[in-house]
Amino acid sequence: MQNFDVVVIGGGPGGYVAAIRAAQLGFSTACIDGYVRNDKYSLGGTCLNVGCIPSKALLQSSENFAELTHSFADHGISCDNPKMDVAKMLERKEGIVSKNSNGISFLFKKNKITELHGWASFKAAESGKYIISINDNGTVSEVVATHVIVATGSNSRQLPQIPTDNINVLDNEGALDLNAVPANLCVIGAGVIGLEMGSVWSRLGSKVTVLEAAPTFMGAADEQAAKELLKNLTKQGLEITLGVKIGEISNDGKQVTVNYELNGEAKQLVVDKLLVSIGRVPNTNGLNAEAVGLKIDERGFIVVDADCKTNLPNVWAIGDVVRGPMLAHKASEEGVIVAERIAGQHPHFDFNTVPWVVYTNPEIAWVGKTEQQLKADGIAYKKGVANFMANGRALGLGNSIGFVKILACEETDRILGVHMVGPFVSELISEAVVAMEFMASSEDLARIIHAHPSLSEVTHEAALACDKRQLHG
Ligand code: FAD
Ligand code: NAI
């Protein structure tokens, strides 16, 4: 039986990053992952195989097509009868995924990490160590670990009314792999996956209807930013209905019939494809947690403290399988922090500075508190808002929708939250994260030189606006 200082279960952005950091710190490290794509083990987890990376590839392809059909004419560029080759688009996406996944194997080799394939479960705890069993297509082997990092991630939540078949009733995997543009698509859940994947297929010509149970759109985002996003997505043709109650759903193999209630009125929608994107559930089922007494809560999450320590000595858990936002960068950062804690270091993780990005058009991104939260917490704040409409670079890009809003403490001027809707805000938000990590004031940002012409000038203007001294607004 092979012995390791650290065994990581799960090779997603939480697990593979934890393994690399542990190896960098001098631990003998193994990472076990069971994900299979195209009949081959494929490192990278949900994020790389069927999440962040393939979705962004399709968002870019569909955005290029939408620009060609809708906005290139403004630049004087025209093309008769543009066509979308969906097979080619999927092939490109597959290429990107493979390249990234092979890249992780390369990094494992470089860092002398043992890559193990198959499904891992706890077998026993003996003499302060853990025996992990690995099932690789029926061949079972075992490894011994001093420290275990569980990073088994999550899977899509199913509707009790209908199972996903990834032919007509899709989860994220099916929505990333449609080989033709459906004439119409119903999305249940106006969350991050619903809006991103709904955008992809809508841009390619599908009639997309989004049904959301909550009465508010994107409740976690700042209200003003969410409103701006909703307005623009609606303009693009996504039909988003809030406050629905989903009833019976049937799938006859050709079409899917969705019954729902809106304001007490019965409604029905018949579509070619249905995407169910109503959140995700942690992967703890196959872990055999009871064999070692690992504590799991009633929703299936592994119970951890602020440092990702479980109830067991030397067993840690990170990423989607524990509390907190289900985001790849959160999982990776927890991976780094746990490896460093195992090495006796004392890194810390600040949930308040985890950035959120939704890659729609316009993109929406935020960090820190929303206006609603500050009001609910009774914190006096000032705000500065600047629009992309007044920014030369945004006008040149032909994408000047949206704004940057900075919320700062009324008393101390410390930045408490930054909310952005607009072009490339997925990139612009990093400046806000850095500022908040360094406890910057809005005046600090206002006094920093921003390149001209650049989109970042809008952040600068918003910082100036906090002190009512905006120059271009
Ligand atoms: P995962 O990535 O889920 O990896 C866990 C791995 O462990 C998987 O390979 C799984 O097969 C394996 N595993 C599970 N159980 C076992 C076992 N018992 N033995 C061996 N292996 C096991 N986040 C962002 O930050 N930005 C985005 O743009 C973004 N886009 C997304 C788009 C979609 C469509 C989806 C579905 C998610 C997206 N996410 C995004 C969320 C992101 O993918 C997750 O937060 C992230 O992958 C979590 O990382 P993880 O390492 O915790 O788990
Ligand atoms: P989500 O939590 O973002 O959204 C789910 C939505 O479905 C919510 O608005 C919820 O109110 C709604 N809902 C729940 N049950 C419903 C029902 N029965 N009927 C109608 N609506 C219902 O979950 P989603 O979109 O599945 O994504 C899962 C996670 O993946 C996200 O929380 C996010 O962390 C991650 N992700 C991140 C991305 C990014 O960072 N850009 C992109 C995609 C996913």
Side-chain angles (χ1 to χ4, degrees), residues 6-22 29-36 42-52 104 116-123 125 130 132-135 145 147-158 171-173 191-193 277-342 349 351 354 356:
V6 177
V7 169
V8 183
I9 306 179
Y16 86 75
V17 168
I20 292 174
R21 189 70 189 118
T29 305
C31 180
I32 312 163
D33 191 84
Y35 193 84
V36 173
S42 178
L43 285 171
T46 303
C47 166
L48 222 151
N49 289 290
V50 282
C52 324
I104 300 175
L116 298 170
H117 299 141
W119 294 97
S121 55
F122 285 98
K123 185 173 179 199
Y130 295 90
I132 310 288
S133 167
I134 307 164
N135 186 334
H147 288 268
V148 181
I149 304 176
V150 183
T152 46
S154 66
N155 249 299
S156 56
R157 182 189 299 284
Q158 305 256 330
D171 57 21
N172 57 302
E173 302 201 14
V192 200
I193 293 179
S277 48
I278 56 167
R280 297 180 61 81
V281 288
N283 290 329
T284 41
N285 271 346
L287 276 174
N288 197 22
E290 24 335 321
V292 286
L294 177 65
K295 208 163 153 189
I296 291 176
D297 74 14
E298 64 289 349
R299 294 185 306 149
F301 289 94
I302 296 177
V303 179
V304 288
D305 67 8
D307 300 331
C308 295
K309 263 191 199 139
T310 68
N311 64 311
L312 300 175
N314 299 342
V315 178
W316 313 73
I318 58 171
D320 280 12
V321 79
V322 303
R323 79 307 169 247
M326 288 182 161
L327 295 173
H329 42 282
K330 176 262 190 185
S332 296
E333 196 52 29
E334 284 181 336
V336 167
I337 276 165
V338 163
E340 291 178 352
R341 288 217 163 248
I342 292 173
F349 186 103
F351 276 100
V354 175
W356 278 85

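Residues S154 and T46 share a closest heavy-atom pair of O-OG1, 3.6 Å. Nearest heavy atom pair, residue V292 against residue A125, reads CG1-N, 3.8 Å. Pairing each heavy atom of G11 with each of C31, the nearest pair is CA-SG, 3.8 Å. Between G14 and A151 the shortest heavy-atom distance is C-CB, 4.2 Å. Summarising the geometry of V17 relative to S332, their closest heavy-atom pair is CG1-O, 3.6 Å, with the distance given to 0.1 Å. Across every non-hydrogen atom of A328 and P13, the tightest pair is CB-CG, 3.8 Å.
Remark: F349 CZ to I318 CD1 distance equals 10.5 Å, nearest 0.5 Å. Here CD1 of I132 is found 4.5 Å from CZ of F122. Values are rounded to the nearest 0.5 Å. Taken to the nearest 0.5 Å, the CG atom of L312 stands 4.5 Å off from the OH atom of Y130. In this structure, I193 CD1 and I278 CD1 are separated by 10.5 Å, a value rounded to the nearest 0.5 Å. One finds the NE2 atom of H117 at 11.0 Å from the CD1 atom of I32 (value rounded to the nearest 0.5 Å). Taken from CG in L48 to CD1 in I104, the straight-line distance is 5.0 Å, to the nearest 0.5 Å.
Taking the side-chain contact (heavy atoms from CB on, under 4.5 Å) definition, one finds that N49 meets it with Y35, R37, S42, V97, sequence neighbours left out. Scored by the ring-ring contact (aromatic ring centres under 6.0 Å, His included) test, W356 finds W366 as partners (sequence neighbours excluded). Applying the side-chain contact (heavy atoms from CB on, under 4.5 Å) criterion to A317, with sequence neighbours excluded, gives V150, I302, V304, T310, V321, V322. Considering only residues two or more places apart in sequence or on other chains, H329 meets the side-chain hydrogen bond (donor to acceptor under 3.5 Å, both in side chains) condition with none of them. Listed by chain and residue number, S156, N166 satisfy the side-chain hydrogen bond (donor to acceptor under 3.5 Å, both in side chains) test with D171 (two or more places apart in sequence, or in another chain). N288 meets the side-chain contact (heavy atoms from CB on, under 4.5 Å) test with S121, E290, A291; sequence neighbours excluded. Residues that satisfy the salt bridge (Lys or Arg N to Asp or Glu O under 4.0 Å) test with R341, not counting sequence neighbours, are D307. In terms of the side-chain hydrogen bond (donor to acceptor under 3.5 Å, both in side chains) criterion, N314 has no residue partners (sequence neighbours excluded). Every residue two or more places apart in sequence or in another chain that forms a salt bridge (Lys or Arg N to Asp or Glu O under 4.0 Å) with E340 is listed here: R21. Residues meeting the side-chain contact (heavy atoms from CB on, under 4.5 Å) test with A30, sequence neighbours left out: F4, V7, T114, L116.
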task = Could you please spell out the steps behind the side-chain contact (heavy atoms from CB on, under 4.5 Å) verdict for V354 and E333?
result = CA-CA 10 Å; V354 175; E333 196 52 29; over 6 Å; no
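Residue pairs satisfying the salt bridge (Lys or Arg N to Asp or Glu O under 4.0 Å) criterion with at least one member in residues 311-330, sequence neighbours excluded, are listed as follows: R323-E334, K330-E334.
No donor-acceptor pair closer than 3.5 Å links the side chain of N311 to the backbone N or O of V303. A distance-only check finds a donor-acceptor pair linking the side chain of T152 to the backbone of N283 [under 3.5 Å].
Counted within 6.0 Å of CG on N285, heavy atoms from surrounding residues, nucleotides or ligands total 12 or fewer; the atom is thus considered open.
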Could you list the donor-acceptor pairs under 3.5 angstrom formed by side chains in residues 293-301, with sequence neighbours left out?
residue: D297; atom: OD1; partner: R299; partner atom: N; Å: 2.8
residue: D297; atom: OD1; partner: G300; partner atom: N; Å: 3.0
residue: D297; atom: OD1; partner: F301; partner atom: N; Å: 3.0

